[in-house]
There are 4 protein chains.
Amino acid sequence: MPRYSEEEREQVRSETRQRLLKAAAVEFARHGYSKANIDDISKTAGFAKGTVYNYFPSKRELMLVLIEEMAQVHLEIIAEHVYQEQAAERRLEKFFEAGFSYVSAYLTQGMVMINNLYGPHIEFKQAMYTAYQPMFELVSRDIIGLGIKQGIFRKIEPVSTAGLVMNIYLGIASQVNEDGKLWIEYGPVSDFVSHALHK
Amino acid sequence: MPRYSEEEREQVRSETRQRLLKAAAVEFARHGYSKANIDDISKTAGFAKGTVYNYFPSKRELMLVLIEEMAQVHLEIIAEHVYQEQAAERRLEKFFEAGFSYVSAYLTQGMVMINNLYGPHIEFKQAMYTAYQPMFELVSRDIIGLGIKQGIFRKIEPVSTAGLVMNIYLGIASQVNEDGKLWIEYGPVSDFVSHALHK
Amino acid sequence: MPRYSEEEREQVRSETRQRLLKAAAVEFARHGYSKANIDDISKTAGFAKGTVYNYFPSKRELMLVLIEEMAQVHLEIIAEHVYQEQAAERRLEKFFEAGFSYVSAYLTQGMVMINNLYGPHIEFKQAMYTAYQPMFELVSRDIIGLGIKQGIFRKIEPVSTAGLVMNIYLGIASQVNEDGKLWIEYGPVSDFVSHALHK
Amino acid sequence: MPRYSEEEREQVRSETRQRLLKAAAVEFARHGYSKANIDDISKTAGFAKGTVYNYFPSKRELMLVLIEEMAQVHLEIIAEHVYQEQAAERRLEKFFEAGFSYVSAYLTQGMVMINNLYGPHIEFKQAMYTAYQPMFELVSRDIIGLGIKQGIFRKIEPVSTAGLVMNIYLGIASQVNEDGKLWIEYGPVSDFVSHALHK
DNA sequence: TATGAATGAGAGTTCATTCAT
DNA sequence: AATGAATGAACTCTCATTCAT
């Protein structure tokens, strides 16, 4: 008969799992998927090698899960800020503000995100597109589309323009340094895009 | 000592070298640096494994040389088109036109470029920045700076704005599919940026 | 101290033990000793991994115990049928009849038996020889020796001939399919051996 | 330009290949397929681990190739002796004589053969059946069938009887000790079978 | 007694690099 | 200059076993 309660076990498992995912993010960010190794990931998490495989069936799956969880957190943070505003222009600004703040705060996750997005591993790229679809839609519908409806943005194609905006965001986000600093502030970027969109 | 034979030898060496670099680009593009392997590279080039090491001391060095040669070709193509124009706005358009055309024509090189730029391998990223410095300056000085001088662009900071423009170009270039198609034409992109820069 | 509870406890232990042995037989039969794993064995038995080690000190010991228990059941079944007859020839027939019926009914045990007998694991092979010694003696003394004494079998060496008979039985038994079917009935085999032994 | 001649290379490759197959047989015989490891196989052959993979794509394939090559040698040896005789009875004797001599001379191969035939690895068992089909046919057609035609054997079913004879051979062959000794000579076995088949 | 999380030795496989020819 | 056989470190994944509860 098990002495641990079901809850206790669940609690422990969940914590271990999170530590492993965090460690995986760190190692993937540091060395890239291919060069990152399970031994280091587990050691970074404070476990032995085998433990990883009690939680994830493979290195590949570890990455796929990581992608999903990262995208979710990322979206939450951005959505939370963007939806505070009603005006499209303000939303655009909030998008860059929250986005830049995310990559500064979640350095490792940000790097993994970028590596997957622009890297050679097609499966991961695909997973990224799927996982980031909601954020893409947020930009497309609730910022650009909204701005057009509100009569402040030019009558541009919202979807491809959202692609451009996401590109700008991600391109800049990819150049964060190890202190979480970016080479440009969100203000000028937001400005640049704003100018591009305004009537 | 026969001089002609000397030249011939040089000629053959140079061709072999180019074939190896081309093959390396193909394999790096297909599998990424880490997963690409020397055996496949040499076989793609039509040589045996050992031959690679008669031309390049290591896989790493092969990539570094490739980066330099790619950047040079890339710059030449873009410069050739951009400098045909005198008006900054036209130059901007030419930049995107020639740039998009480059990634379509040089699919593999383009992918390697992107992988290095956004990938986890710091040394290669560094090498990319160095190799692409001239192109960056072209954009910064001979397009944006020029546009300001010509009084058509807003009085923005040319360097960071050049960063944004390069970001946009590279971000879009990274999404070329295997047929060399991009999800957006150069026209709308040029337009977008134009709007962002104009007074 | 409650005596009944003691017995109950013993009862439960014994049942758990049997379930584990049965599950071990299934897994050993399916994957062979080396590839069978404790986790699957315990799960097949309906327990957690650790439970196995409350009953058997190691995987190896689990097999050794299994061998002994299998051999005992096997012998009992065969002896029960063989000793119903008094004539050596009839006993020979019964031996094959009961033997073939055993391997059909106890598919997994039969496979484990064969795997150990012909497999590379010397310790298990040894254990098999020891465990099957009584059956060997049954054939040697109470069938072949008896037949010679009864004057129906040729004056052959009983021990090595018993070896041949056992070989034939086990060789055929090894080719049972997953439905418990053998490629030959006991009749023709008994016949074949009968012919070989008769004057 | 390669300095080794094509022939020289082929020669070296062939020798290395044979050494690896021999070593594999030794290790598979000693520890069984699952427990035998590539490192030991290569070391036994006098090479480093990686060399195995220059010749065989996987451990599994190594075994499959080994099975085929073993079966071929085995068949050649037996056929050579059997076909020296014209009388079925003498052929039967030769079959056992040559067969017993094979397992004594090719100890390790014999063990691998037996392990695969009676072991848990279905793919290898299948491969054995396929590879030994010609030998089975030799027994069925050119010994038993022939004996019936020659009027010395009873009118039995040749195929299933060949199965019995092969069983007897393999069963005994499986009990060779490490000095190549069997517990019974070919004479008594041949006699036993002869008796069983004769009118 | 039963549990399952954690361990780490050990296995198969890959591949950059070396080198004799 | 070109070859490809050989190497062995490094990697992913497996699993018998331990142990705190």
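Values in this document were obtained by computation on a predicted structure and should not be read as measured data. Residue numbering restarts at 1 for every chain, and letters A, B, ... go by the order of the sequence lines.
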Check step by step if side-chain contact (heavy atoms from CB on, under 4.5 Å) holds for C/Glu123 and C/Leu64.
CA-CA 9 Å; C/Glu123 184 179 25; C/Leu64 290 172; 3.9 Å; yes

Interatomic distance, B/Phe56 CZ vs E/dT17 P [rounded to whole Å]:
13 Å

In whole Å, I'd like the distance from the CD atom of A/Glu8 to the P atom of E/dT3.
17 Å

In whole Å, I'd like the distance from the CZ atom of D/Arg13 to the C1' atom of F/dT3.
13 Å

What is the distance, rounded to the nearest whole Å, between atom CD of D/Glu27 and atom P of E/dG12?
11 Å

C/Lys35 side chain to D/His121 main-chain N or O, any donor-acceptor pair under 3.5 Å?
no

Let's see if you can work this out: which of F/dT7, E/dA6, E/dT3 has an atom nearest to the side-chain heavy atoms of C/Ala48?
E/dT3

For a quick check under 3.5 Å, do C/Glu68 and C/Gln72 share a side-chain donor-acceptor pair by atom type?
no

C/Arg17 CZ to E/dA2 P, straight-line distance once rounded to whole Å:
13 Å

Could you walk me through whether D/Thr108 and D/Lys22 pass side-chain contact (heavy atoms from CB on, under 4.5 Å), step by step?
CA-CA 9 Å; D/Thr108 54; D/Lys22 177 90 173 118; 4.3 Å; yes

E/dG8, F/dA1, F/dA16: which one has an atom nearest the side-chain heavy atoms of B/Tyr55?
F/dA1

Would you indicate which nucleotide in E/dA6, F/dA16, F/dG4 comes nearest to any side-chain atom of D/Arg9?
F/dG4

F/dA6 OP1/OP2 closer than 4.0 Å to side-chain N/O of D/Thr16:
yes

More 5' along DNA chain F: A/Arg60 or D/Gly46, using each one's nearest nucleotide?
D/Gly46

Applying a 3.5 Å limit to both distances, which nucleotide forms a Watson-Crick or G-U wobble pair with F/dT21?
E/dA2

Toward the 5' end of DNA chain E, by each residue's nearest nucleotide, D/Pro57 or B/Lys59:
D/Pro57

Under 4.0 Å between a side-chain N or O of D/Tyr53 and OP1 or OP2 of E/dT14?
no

Roughly, in whole Å, what's the span from NZ in B/Lys35 to P in F/dT12?
8 Å

Below the 4.0 Å mark, does F/dA1 have OP1 or OP2 next to a side-chain nitrogen or oxygen of B/Thr51?
no

Would you mind pulling out the nucleotide paired to F/dA9, Watson-Crick or G-U wobble, both distances under 3.5 Å?
E/dT14

Measure from the side-chain N and O atoms of A/Ser14 to the backbone N and O of A/Glu10, and report whether any donor-acceptor pair falls under 3.5 Å.
no

D/Asn54 or C/Lys49, whichever maps to the more 5' nucleotide of DNA chain E:
C/Lys49

To the nearest angstrom, the CD1-P distance between D/Ile38 and F/dA10 comes to 21 Å

Protein-nucleotide distance (D/Asp39, atom CG; E/dT14, atom P), rounded to Å
16 Å

If you assign each of A/Ser58 and C/Ala36 to its closest nucleotide in DNA chain F, which residue comes earlier from the 5' end?
A/Ser58

B/Val52 and B/Leu62 have their tightest heavy-atom pair at CG1-CD2, 4.3 Å

A/Phe47 side chain, from C-beta outward: closest of E/dA6, F/dT18, F/dT3
E/dA6

